[in-house]
Structures are given as structure tokens and as C-alpha cells.
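A short write-up of the structure that comes next.
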Amino acid sequence: MCIFCKIVKGEIPADRVYEDDKYMAFKDINPKAPVHILIIPKEHIGYLSEIDESNKYIIGDMAIIANKIAKNTGIDKSGYRIVINNGPDSGQEVFHIHMHLLGGKKMVFKA
Ligand code: 5GP
Ligand code: ZN
């Protein structure tokens, strides 16, 4: 089982900030910004590249959750970035799809 599936099951602790029946969000263990939250579906999907017509709603749902968390953490006005890494060149390290929510400072790297 992957590390994020273990977090979903409660087998590995995580600092949860949001949960419903399909999704969870928790603080990144190695934050790159003052606010750095990971939003995941509870269902195991390894990669963004597995998103297709059948499951595209997951991306929208995660974006809505990211917006809610941005409001709750007070970064909705200052701005934030969402990132989904996919595959080797992106640096993806955990192979369970996740959306990074980053904010609370100016982003140095502008895509
Ligand atoms: P990726 O590089 O795959 O897009 O992002 C994986 C993220 O997961 C990294 O930012 C890393 O710090 C975070 N991470 C890895 N293992 C754990 C963990 O066990 N708990 C939490 N909360 N974050 C983790
Ligand atoms: Zn998983």
C-alpha cells in the first residue's frame, strides 16, 4: 500500500486539515511555503496521467477543496499556487495523485 493510502487508513499520522468521504487534505511534512497542504482523493490513483473522462471530476473537486483551505488559512487574498507533479521530470515522489496548495509567500519560480 502506498504512503498516502496508509495516511487515509490512519496507519501513518498526518496533520489533517480537511476530510470528507472521498478526499483528505493534510500538511506537507516538508513544507516549501508557510502554507503547504496536500489534497488527495482517498481512492488510489497513481498519476495525473490516469485522469480521463471517467474521473476528471476529481481535479475539480480537489481545486474546490484547495480554495476552501486557502480561505480558511487566510491566503485567499494574497494568492496561492496549486501544483500536480506527474512523472520523473516533475520530481514526483509519491505515486498517489495529490494537489499541492502553496501560499503565504511570494513564489520564486514562475512557471
Ligand atoms: P511530490 O513530489 O510527489 O509531488 O510531492 C510529495 C510530497 O509529499 C512532498 O512535498 C513531501 O514532502 C510530502 N510527503 C512525503 N511523505 C510524506 C508523509 O509521510 N507525510 C506528509 N504529510 N507528507 C509527505
Ligand atoms: Zn495510494
Side-chain angles (χ1 to χ4, degrees):
M1 197 190 299
C2 92
I3 194 163
F4 286 178
C5 283
K6 286 183 180 167
I7 286 175
V8 168
K9 286 207 181 304
E11 291 174 10
I12 292 177
D15 206 339
R16 296 173 195 221
V17 298
Y18 178 88
E19 184 164 12
D20 63 28
D21 55 333
K22 291 204 197 79
Y23 300 95
M24 239 184 92
F26 49 88
K27 293 185 182 171
D28 195 292
I29 205 167
N30 180 22
K32 315 287 191 308
V35 175
H36 189 173
I37 307 289
L38 303 173
I39 300 133
I40 66 167
K42 289 183 171 178
E43 175 197 356
H44 181 87
I45 296 172
Y47 296 89
L48 176 66
S49 55
E50 292 173 45
I51 295 292
D52 59 21
E53 282 299 322
S54 72
N55 58 11
K56 64 185 181 185
Y57 65 91
I58 289 173
I59 302 300
D61 287 350
M62 291 197 296
I64 291 168
I65 293 164
N67 289 341
K68 279 183 189 156
I69 296 168
K71 263 200 181 116
N72 292 343
T73 53
I75 57 167
D76 53 322
K77 300 287 192 294
S78 50
Y80 49 97
R81 177 176 291 180
I82 61 174
V83 172
I84 302 176
N85 292 316
N86 186 87
D89 279 358
S90 74
Q92 184 180 2
E93 287 172 6
V94 177
F95 304 103
H96 179 131
I97 192 171
H98 51 280
M99 183 177 277
H100 295 258
L101 167 66
L102 296 149
K105 72 166 187 186
K106 282 253 187 242
M107 303 293 155
V108 176
F109 173 65
K110 173 76 176 68

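In this text the structure is predicted, and so the values were computed from the model without any measurement. Both ligands and their constituent atoms are indexed starting at 1 by order of listing.
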Over all heavy atoms of both residues, which pair between [X] and [Y] is shortest? Give the atoms and the distance, please.
{"X": "Arg16", "Y": "Ile7", "answer": "NH2-O, 3.1 Å"}
{"X": "Leu101", "Y": "Ala66", "answer": "CD2-O, 3.7 Å"}
{"X": "Ile58", "Y": "Tyr23", "answer": "CA-OH, 3.5 Å"}

Worksheet item: Relative to the Zn ion (ligand 2), which of the N, O or S atoms in His44 is the closest?
Response: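 Per the distance ranking, His44 contributes ND1 as its closest N/O/S atom to the Zn ion (ligand 2).
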
Worksheet item: For the Zn ion (ligand 2), which N, O or S atom of His96 is at the shortest distance?
Response: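 The atom in question is ND1.
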
Item to complete: Step through it carefully: locate the ring centre of His98, locate the ring centre of His96, and say whether they are under 6.0 Å apart.
Response: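 Judged by ring-centre distance (under 6.0 Å), His98 and His96 do not meet the cut-off.
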
Report all N/O contacts between ligand 1 and the protein shorter than 3.5 Å as a table of atom names and distances to 0.1 Å; if there are none, say 'none'.
residue, atom, partner, partner atom, Å
ligand 1, 2 (O), Gly91, O, 3.3
ligand 1, 2 (O), Glu93, N, 3.4
ligand 1, 3 (O), Glu93, N, 2.7
ligand 1, 3 (O), Val94, N, 2.9
ligand 1, 3 (O), His98, NE2, 3.1
ligand 1, 4 (O), Asn85, ND2, 2.8
ligand 1, 4 (O), His98, NE2, 2.7
ligand 1, 4 (O), His100, NE2, 2.8
ligand 1, 5 (O), His98, NE2, 3.0
ligand 1, 5 (O), His100, NE2, 3.3
ligand 1, 10 (O), Asp28, OD1, 3.2
ligand 1, 10 (O), Asp28, OD2, 2.5
ligand 1, 12 (O), Asp28, OD1, 2.5
ligand 1, 22 (N), Lys27, O, 2.8
ligand 1, 22 (N), Ile29, N, 3.4
ligand 1, 23 (N), Ile29, N, 3.3

Worksheet item: Above 12 or not: heavy atoms from other molecules or residues under 6.0 Å from NZ of Lys27?
Response: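 No, the 6.0 Å shell around NZ holds no more than 12 heavy atoms from other groups.
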
Worksheet item: If you count the non-hydrogen atoms of other residues, nucleotides and ligands that lie under 6.0 Å from CG in Asp89, is the total more than 12?
Response: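 Atom CG in Asp89 is not crowded, with 12 or fewer foreign heavy atoms closer than 6.0 Å.
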
Worksheet item: Among Asp76, Ile64, Ile37, Ile75, which residue meets the side chain to side chain contact (heavy atoms under 4.5 Å, CB included) test with Ile69?
Response: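 One option only clears the test, and that one is Ile37.
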
